[in-house]
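We name chains A, B, ... by the order of the sequence lines, and we start the count at 1 in each one.
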Amino acid sequence: MAMLALLRKELLEQWRARRLLVLGGAFLFFGLLGPITAKLTPELIKLAGTSAPGIVIQAPPPSLRDAIAQYIKNLSEILPLIVLLATMGSVAGEKERGTLAMVLAKPVGRGAVLVAKLAGLAVALLAAQLLGALAAYYYTQVLFGGLEPVAFVQMNLAAGLYLLVVLSLTFLASALVRSTVAAGALAFGFWVLLLVASSLPRVGQHTPPVLLTWAAQLGAGQPAGGQWAALWVSIALIAVCLIVAWLHFRREEL
Amino acid sequence: MDPAIVCKGLTKRYGAVVALDSLDLQVRPKAIFGFLGPNGAGKTTTMKILAGLIAPTAGVAYVAGCLASPHNPASRRRVGYLPEEPSFYGWMNAREYLLFVAGLLGQTGREAATRADELLELVDLSQAAGRRIGGFSRGMRQRLGIAQALMGRPEVLLLDEPSSALDPLGRRDVLSLIERLAGETTVFMSTHILADVERVCQEVAIVAHGRLVAQANQEELRLRYAAPVFEVETAGEVPALLDRLRREPWVARIAQEGSVLRLTARDARRARQELPQLLAALGEQLVRYQQARPTLEDVFVRLVEA
C-alpha cells in the first residue's frame with residue numbers, strides 16, 4: 001500500500017514538477033532535429049560552397065543512414081546530459097529540502113522509497129523517449145522513407161537501455177550525497193568514466209555505450225553482431241546502482 | 001499503565017562530539033510533556049531517535065512499547081513526528097499531502113479522505129485545502145505539519161520546537177492546537193521557549209549537554225530546584241543599590257527589567273534578613289518589595305548553568 005502511494009507521488013511529481021515536460025520537450029526537439037539536420041546539412045554545405053568563387057563542394061545526397069546516425073548522435077551526446085540534469089536532484093534534493101525525512105518518519109521502508117523513485121524517473125524517461133522516437137520516425141519517413149518499423153523499435157530499445165544506465169548512475173549519485181549540485185558533479189563523473197571504459201581495448205566492447213553502435217546498426221538495417229554482453233552488463237549495472245544506493249541509503253541518517 | 005516513551009542509557013555520538021550522553025527518561029501516556037534544553041542540548045537528536053530516523057550509538061528507546069529504530073517500521077506506525085522545520089512538496093496542495101501520508105499509513109478511500117478533512121478542520125486549514133503548499137506561510141506549514149503527524153492517530157506525537165520559528169499569532173494557534181490534544185495522545189514537545197512549556201505542559205524534563213538534568217511536573221521542579229527570588233521595584237534608577245547587591249555573597253543573580261530588579265538569592269535566610277535593611281535606605285524611592293514565585297525560567301537557568 002505504501003509502495004503504491006510512493007509510486008503515485010513520484011509519477012505525479014514527474015508531471016507537476018515539470019520534469020516530464022522538460023524531458024519530453026528535449027526528446028521531441030532532438031527527435032525532430034535528427035532527420036531535419038540530416039536532410040538539410042548537404043544543402044547548407046552546397047550553399048556555403050557557392051558563396052566562395054572557385055570552390056566546388058560535392059556533398060553526397062542525404063540518406064536514411066544519415067538520419068539514423070544524427071538521431072543516435074543526439075541520443076548519445078546531448079540527451080544523456082539533459083537526463084542527468086533533470087534527475088540529479090531526485091534523492092539528494094529531497095534530502096536537502098527535508099521532505100525525505102518527513103516521508104521516512106512514516107512506516108515505509110527505505111528500499112521502497114528508492115524503488116518508487118527510480119521507477120518514476122524511468123517512466124518519465126521512457127515516455128519522453130517514446131515522444132521523441134515518434135517524432136523522429138514520422139519526420140524520417142516523410143523526408144527519406146524506407147524506415148523499417150521493427151528495426152526502429154529495436155534501435156530505440158537499445159538506445160533506451162543506454163539512457164536508463166545513465167539515469168541509474170545519476171540516481172546512484174543522488175542517493176550517495178546530500179546536495180543536488182554534488183550529485184550532478186558525481187553523476188557527470190560516473191558518465192565520463194563510463195565513456196572512458198568504453199574506449200578501453202577488450203573491456204570497451206562490453207560496456208553500455210556499445211549499445212548505441214548496435215542501435216545505429218539496427219536502425220540502418222545493417223547486419224548487427226548482437227552486442228548481448230553489453231546488454232547484460234547494462235542491465236547488471238542498473239541493478240548494481242539500485243543495490244549500492246539502497247546499501248548506502250538504509251544506513252544514512254537524515 | 002506502561003510509559004508512552006522510555007529511554008534507557010540513550011547515547012549518540014558523532015565522532016568526538018557527544019550529542020546525547022546516556023539519557024534516561026520516562027513519559028507517562030496522554031501527558032503533554034515538555035522537553036526543555038538550550039540549543040545543542042540534544043533535543044533534536046532525541047526526537048530523531050524516537051521518530052526512527054536515526055539509530056542511537058548506545059542505549060535503547062521505546063515508543064508506545066515498540067523499539068524505536070530506522071529498521072522497525074512498527075514503531076513509526078505509532079508515532080507522529082513534526083520536525084523543527086517541516087518540509088513539504090510545494091507542488092502538492094494540503095489535502096493531497098494528507099492523502100499521500102494516508103497512503104503511506106495504509107489508509108485508503110473514504111477513511112483517508114474523511115480523516116484528512118477532519119484534520120484540515122482541526123488545524124484550521126479547510127479553506128486552504130486546495131491551495132499549493134508552496135504558497136503557505138510558516139504558520140500554515142506548521143499547522144499542516146501537525147495535521148500530517150496526526151494522520152495515523154498516533155499514540156505518541158513528537159513535536160520538535162513546534163513554535164520557535166513562528167510569529168506571536170502563529171505561536172498562539174499552534175499552542176492552542178497542542179492544548180486541544182490533551183488527553184487524546186501523548187505529546188512530547190521539545191522547545192527552548194519556557195513560556196510555551198509553562199502554558200501547555202504538565203510534565204517537564206530538562207536536558208543540558210546531552211544529559212537529563214531534571215524531570216518532574218512544573219510545580220515540583222519549582223519547589224525542588226528554584227532558588228528564592230525577590231522582586232524590588234523602584235522609582236527611577238538606583239545604581240548604588242545595584243552595585244551594593246552585586247557585591248553581596250548571598251546574591252546569586254540579578255536581572256533588571258526597567259525599574260524592577262529580580263534578584264535570585266544564594267542564601268534565602270540572609271536575603272530575608274539583609275535585603276529589607278538595604279532597601280530601607282532607598283526611602284521614598286522604594287515602590288514595592290516582595291518574595292516572588294519562582295518561574296520555570298529560574299529553574300531552567302539554575303539547572304542548566306549548574
Side-chain angles (χ1 to χ4, degrees), chain A residues 1-22 86 89-117 119-121 124 175 178-180 245-254, chain B residues 12 14 19 44-45 47-57 66 68 70-93 96-97 99-109 112 132-134 141 144-145 148-149 151-152 154 157-158 160:
Chain A
M1 188 56 70
M3 184 68 197
L4 270 180
L6 288 167
L7 202 55
R8 189 179 174 279
K9 175 251 158 189
E10 291 302 331
L11 292 173
L12 199 60
E13 187 168 22
Q14 305 308 319
W15 176 250
R16 296 262 192 94
R18 299 194 174 87
R19 197 176 285 142
L20 195 57
L21 194 72
V22 170
S90 57
V91 184
E94 284 219 36
K95 288 186 213 170
E96 228 171 3
R97 290 188 295 273
T99 46
L100 208 48
M102 301 273 288
V103 170
L104 292 174
K106 302 287 181 286
V108 294
R110 294 190 177 205
V113 171
L114 288 184
V115 169
K117 278 198 170 295
L121 294 171
R178 283 171 174 265
S179 101
T180 303
W246 176 70
L247 287 173
H248 173 81
F249 188 57
R250 69 192 289 265
R251 301 175 68 88
E252 188 167 9
E253 301 200 330
L254 295 165
Chain B
K12 183 68 184 176
Y14 295 99
T44 296
T45 303
M47 284 285 180
K48 285 185 171 179
I49 292 173
L50 294 173
L53 287 174
I54 61 175
T57 311
C66 278
H71 307 295
N72 184 14
S75 75
R76 300 201 292 279
R77 192 169 288 284
R78 293 160 186 239
V79 167
Y81 171 59
L82 172 73
E84 188 175 353
E85 287 183 29
S87 300
F88 304 94
Y89 301 107
W91 50 268
M92 277 190 186
N93 66 43
E96 275 176 339
Y97 190 80
L99 292 176
F100 166 58
V101 169
L104 298 180
L105 293 162
Q107 301 168 354
T108 49
R132 281 179 67 245
I133 304 171
R141 282 166 181 263
L144 180 61
Q148 64 80 31
M151 197 68 201
L157 185 64
L158 304 171
D160 192 3

(request) Pick one of side chain, backbone, both or neither for T108(B), based on which atoms fall under 4.5 Å of a heavy atom in chain A. (result) side chain
(message) Please find the pair of heavy atoms, one from K9(A) and one from W91(B), that lie closest to each other, and give the distance.
(response) O-CH2, 3.7 Å
(message) Checking E96(A) now: which residues fulfil side chain to side chain contact (heavy atoms under 4.5 Å, CB included) with it, not counting sequence neighbours?
(response) S179(A), T180(A)
(message) Just so I understand: if I count every heavy-atom pair under 4.5 Å between each of A102(B), G145(B), P73(B) and chain A, which residue has the most?
(response) P73(B)
(message) Using heavy-atom distances under 4.5 Å, tell me whether M151(B) contacts chain A through its side chain, its backbone, both, or neither.
(response) neither
(message) If you compare all heavy atoms of S87(B) against all heavy atoms of G98(A), which two are closest, and at what distance to 0.1 Å?
(response) CB-C, 3.7 Å
(request) State the CZ-CD distance between R16(A) and E96(B), to the nearest 0.5 angstrom. (result) 4.0 Å
(request) List the atom of L104(A), the atom of R76(B), and the distance in Å for their closest heavy-atom pair. (result) O-NE, 3.0 Å
(message) At a heavy-atom distance under 4.5 Å, which candidate from M3(A), K106(A), E252(A) has the highest pair count against chain B?
(response) K106(A)
(message) Quick check for you: to the nearest 0.5 Å, what is the distance between M102(A) atom CE and E85(B) atom CD?
(response) 11.5 Å
(request) Check each atom of E94(A) against the heavy atoms of chain B and say whether the ones under 4.5 Å are side chain, backbone, both or neither. (result) side chain
(request) Quick one: pull up CD in E253(A) and OH in Y14(B) and give me the separation to the nearest 0.5 Å. (result) 5.0 Å
(request) Taking all heavy atoms of R110(A) and all of L53(B), pick out the closest pair and write down the distance. (result) NH2-O, 3.3 Å
(message) Looking at every non-hydrogen atom in both residues, tell me the closest pair between K48(B) and L254(A) and how far apart they are.
(response) NZ-O, 3.4 Å
(message) Tell me whether R18(A) at atom CZ has more than 12 heavy atoms from other residues, nucleotides or ligands lying less than 6.0 Å away.
(response) no
(request) Quick one: closest heavy-atom pair of V103(A) and Y89(B), and the distance? (result) CG2-OH, 3.4 Å
